[in-house]
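Throughout, protein chains are lettered first and strands after them, A, B, ... in sequence-line order, and every chain is numbered starting at 1.
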Amino acid sequence: MNITRKTTKSGTSLSVEGELTIYSVNQAKQDLLQDYNNFSDQVALDLHKVSELDTAGIQLLLFLHKFLHELDKKLHLVKSNEHVDETLAALDIAGHFTLEN
Amino acid sequence: MNIDSALQTFFAEAEELLTSMESALLRMDDGETSNDIINEVFRAAHTIKGSAGLFGLDDIVSFTHKVENLLDLARDEKIAITGDLLSILLPCRDHIAKLVDCAMHQVAPDADCLAAGDRLLQSLTPWLGATAAPVAAAVNSAELQKAVANEKDLWHISVRLGPDLLRNGMDPLSIIRFLNTMGNITHIATITEHLPELHDFDPEQLYLGFEISFQSNASQIEIENAFMFVRDESDIRIIPPRSDIQAYISLIKGLPENTQRLGEILVRSHVITQEDLDQALSTQKQQAKAQAHVALLGNILIEEQAVAPELVNAALDKQKKNQDRRVTPENRFIRVDAERLDKLINLIGELVVNRQRVDLLASALGNANLMEAVTSMGNFTEQIRDAALTLRMVPMADTFQKFKRVVRDTAKELGKEIELDIEGAETELDRSMVEKLNDPLMHIVRNAMDHGIEPVAVRRERGKPNTGTISLRARHDAGNIVIDISDDGGGLDLERIRKKAIANGVLEESVHLTRNEMFQLIFHPGLSTAERVTNLSGRGVGMDVVKRNITELQGSIEIDSELGVGTQFTIRLPLTLAIIDGFHVGAGNIDFIVPQNTILECVDLGSLNHVQGQSCVNLRGEQIPYIRLQELFALAPLPDSREKLVVVQFGDKRAGIVVDVLHGEIQTVVKPMGPIFHALKGIGGSSLLGTGAVALILDVQQLIGFAINKENARNGSLLASTQE
């Protein structure tokens, strides 16, 4: 698993590559939230290259969403793949990660 | 939780509640008037109604509901509970019991029953009408029971997952995918409320829950099985399609999350409508007072909830109630199927027999260490046996309780004033015997009320208090339980019994009877001294049945009575019929067992003074009649037998049993004799010995009867047919 975190003028983007599962969530939590104080108000999430997503991975994403929401920041999914979409749909949580407008 | 077993729990619970309701009503009838006692009755009705609603038992719900309304008025002190009202409330309780009974046997109540219910409700109207307004408070309850009509037949599954599932390699997502293969998840809400703060958040721990609406033709079991691997650690609740809205409300209340939010989820998933929800929630609020004691069944849910994190105020509140409940006595008990207990006791019976076999083998080997081990094992076997038998023991209290009601109702019917005095209600007796004891006791008590206690005028004339007293007393006495039923009524008129017996051809006019024999005559079939036949007693059937029932329980019944003063029946029963301590003897080449608790002593027959020409010995100045087993059962006589006399006692009668060999003490598992041996007198059962041989267990009571009768016959006295 590999996580890239970029904060530019246009905003923060987080991208996950590889498997986001019980085996990697601890590392992922650290990597994703390392300098959350510097995150912009809009955080883009790229899951395009996620190869595997299980309940632990989903839970981490839900946590991320909730946590950022409490800081008045918005997390939204910008790029995804079939597997990720299917998983989010199975739990009916895709709505958490879309931009409202 | 399996629906069937939940339903069984409901029935058992309803029975208990109805009993406590009855007892409370009767205490009110005795003049007790505290808020607690009204509350007790109310709670019983309320819980029965609520639980019945969960199972869709509409008849029970609608009837009990009205009764509950009335009780609610009483709780608010809007109406007073008077004797008149109690006379309606008691039958109302009976009617609920009848409805529960119908539900248990899965039959619809018949028209008569429903009409009777309507009549009862009608007679409650005057009280309900006393205050118009408060009725509205409870009106919505009926709405609560309304089945949720959703055209799609949706199951609702509520899942709160155990925190360690992920670490243990489970992926709940796969369960959800699996559900999708069994049917169609029409709506799923992921509960994220339990996700903690950043520093507390452990990504490997599971915090999620799901509310799932599921359309499927699968059975409840199949759906439950989908959660098989996570079930133990998680809280899974499944509500079948078309359940009462009450079920959903209980679910919402039972879950730790915010009520409003869960309600919204259910509405969004089209399981219930917003209207239903609002109405139900507001009704719940109105009933909050009653909720102070959460329905017992709801208790189970709350119990489960104790493991979930206490997040919301509501949950904290419930948690507190939960702790309160912990200390209440009912939670110290575990409900066990009586069949399982019987199975355990049977197995222990087998163990006892096998131990004897090991005993025999060990002594044959003569290994000291082995024998020591066997002895200590025997010790424990005995303790296990005793402990197992006490499991089946129940106090007489429940049985006695019933009589309070009977006495109250009957006294009213007869226009007499009768008080029931109960003593020793805590005395314990084998459950199976308690059940069989009910009818005989009932008959004796009714007889006492009908014929024993005199009408008030007569009592005054005789200088007795207006109120007659019937006492029920139970106590333990040397391996027996003794129950006295006495009254301070008119007593038995021996002369009348005698005349009646002669008139009915039971007795020859010339025959002289002892006082005791005269009393025993009333157990003769077809002999009733009542001049007037009432619907209670006096039809001449009954007392003989009483005697037969008691005899079947290996017990005895005796009467003492004095004309004008009163009558006392004394019933003596063994504590249990399953396993007894016996004394192993032999006669001819057959093994017999004499129940240990009946044996007084054993003596060499040859060493005793025989009364000339009779089967009777003089034992330290007392005449003891005896009977030879070898003669009685026509066994082949043993050559060179040194006959032994086993002196036995039952009640206050003694006799001797002559045997050839004394083997010694033995623990015996009583196996009842098959039906073809029913006519066989003197044998109470059979048992297997450690050697594998069959031993016959003697019916000491009957044998004593034989010995005494034989002597009486020889003396030219009566051989009363009443003496078996």
Side-chain angles (χ1 to χ4, degrees), chain A residues 1 3 14 16 19-39 43 47 50-73 75 77 82-98, chain B residues 157 159-214 226-227 229-230 233-234 261 264-265 268-270 311:
Chain A
M1 183 213 55
I3 287 177
L14 302 168
V16 185
E19 64 172 49
L20 188 58
T21 64
I22 181 74
Y23 303 107
S24 55
V25 281
N26 259 333
Q27 186 61 43
K29 179 194 170 190
Q30 278 186 15
D31 291 353
L32 284 169
L33 288 168
Q34 209 164 46
D35 58 347
Y36 64 86
N37 280 324
N38 299 326
F39 283 9
V43 180
L47 300 179
V50 167
S51 60
E52 210 182 330
L53 187 60
D54 69 356
T55 312
I58 295 272
Q59 177 172 269
L60 181 63
L61 295 178
L62 285 168
F63 173 77
L64 194 64
H65 163 78
K66 193 182 172 192
F67 177 71
L68 291 178
H69 184 77
E70 274 159 22
L71 297 172
D72 277 336
K73 300 180 198 292
L75 180 73
L77 187 61
E82 214 171 293
H83 175 63
V84 170
D85 281 344
E86 186 266 321
T87 309
L88 294 182
L91 298 182
D92 193 18
I93 48 170
H96 289 66
F97 305 104
T98 47
Chain B
I157 308 170
V159 186
R160 296 294 177 273
L161 296 160
D164 294 325
L165 285 178
L166 296 176
R167 276 191 208 101
N168 295 342
M170 301 288 170
D171 188 1
L173 198 56
S174 58
I175 297 173
I176 287 160
R177 291 207 171 100
F178 178 69
L179 280 181
N180 259 327
T181 66
M182 290 166 59
N184 184 16
I185 294 179
T186 59
H187 187 271
I188 179 166
T190 305
I191 308 294
T192 57
E193 290 188 15
H194 301 271
L195 284 170
E197 295 299 308
L198 178 62
H199 296 291
D200 295 328
F201 177 65
D202 173 356
E204 291 183 359
Q205 187 169 332
L206 190 52
Y207 303 92
L208 301 180
F210 301 102
E211 294 292 327
I212 301 167
S213 301
F214 187 48
F227 295 94
F229 299 110
V230 300
E233 294 163 69
S234 310
R261 161 124 172 83
E264 281 165 17
I265 289 172
R268 231 183 306 142
S269 60
H270 302 292
L311 266 187

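- Most heavy-atom pairs under 4.5 Å with chain A, from the set B:Ile212, B:Leu195, B:Asp202: that is B:Leu195.
- For chain B, no part of A:Tyr23 is nearby; none of its heavy atoms comes within less than 4.5 Å.
- With a 4.5 Å cut-off on side-chain heavy atoms, A:Ile22 and A:Thr55 do not count as touching.
- At a 4.5 Å heavy-atom cutoff, the contact between A:Phe63 and chain B is made by backbone and side-chain atoms alike.
- For the set B:Arg177, B:Met170, B:Arg167, the count of heavy-atom pairs under 4.5 angstrom toward chain A peaks at B:Arg177.
- Between the side chains of A:Asn26 and B:Glu204, at least one donor N or O lies within less than 3.5 Å of an accepting N or O.
- Note on A:Thr87, A:Leu91, A:Asp92, A:Ile58: by heavy-atom pairs under 4.5 Å with chain B, the leading option is A:Leu91.
- Under the 3.5 Å distance criterion, the side-chain polar atoms of B:Gln205 are left unmatched by any main-chain donor or acceptor of B:Asp164.
- Ion pairing of A:Lys66 with B:Glu193 is absent here, as no side-chain N (NZ or NE/NH1/NH2) approaches a carboxylate O to less than 4.0 Å.
- With a threshold of 4.5 angstrom between heavy atoms, B:Ile185 does not approach chain A through any atom at all.
- Paired with B:Leu161 under the rule side-chain contact (heavy atoms from CB on, under 4.5 Å), one option of B:Leu206, B:Leu166, B:Ile191 passes, and it is B:Leu206.
- Listed options A:Glu86, A:Glu70, A:His96, A:His65 were ranked by heavy-atom pairs under 4.5 angstrom with chain B; first place goes to A:Glu86.
- In this structure, B:Phe201 has its ring center under 6.0 Å from that of B:Tyr207.
- For the options A:Leu60, A:Leu62, A:Leu53, A:Thr21, heavy-atom pairs under 4.5 Å to chain B are most numerous at A:Leu62.
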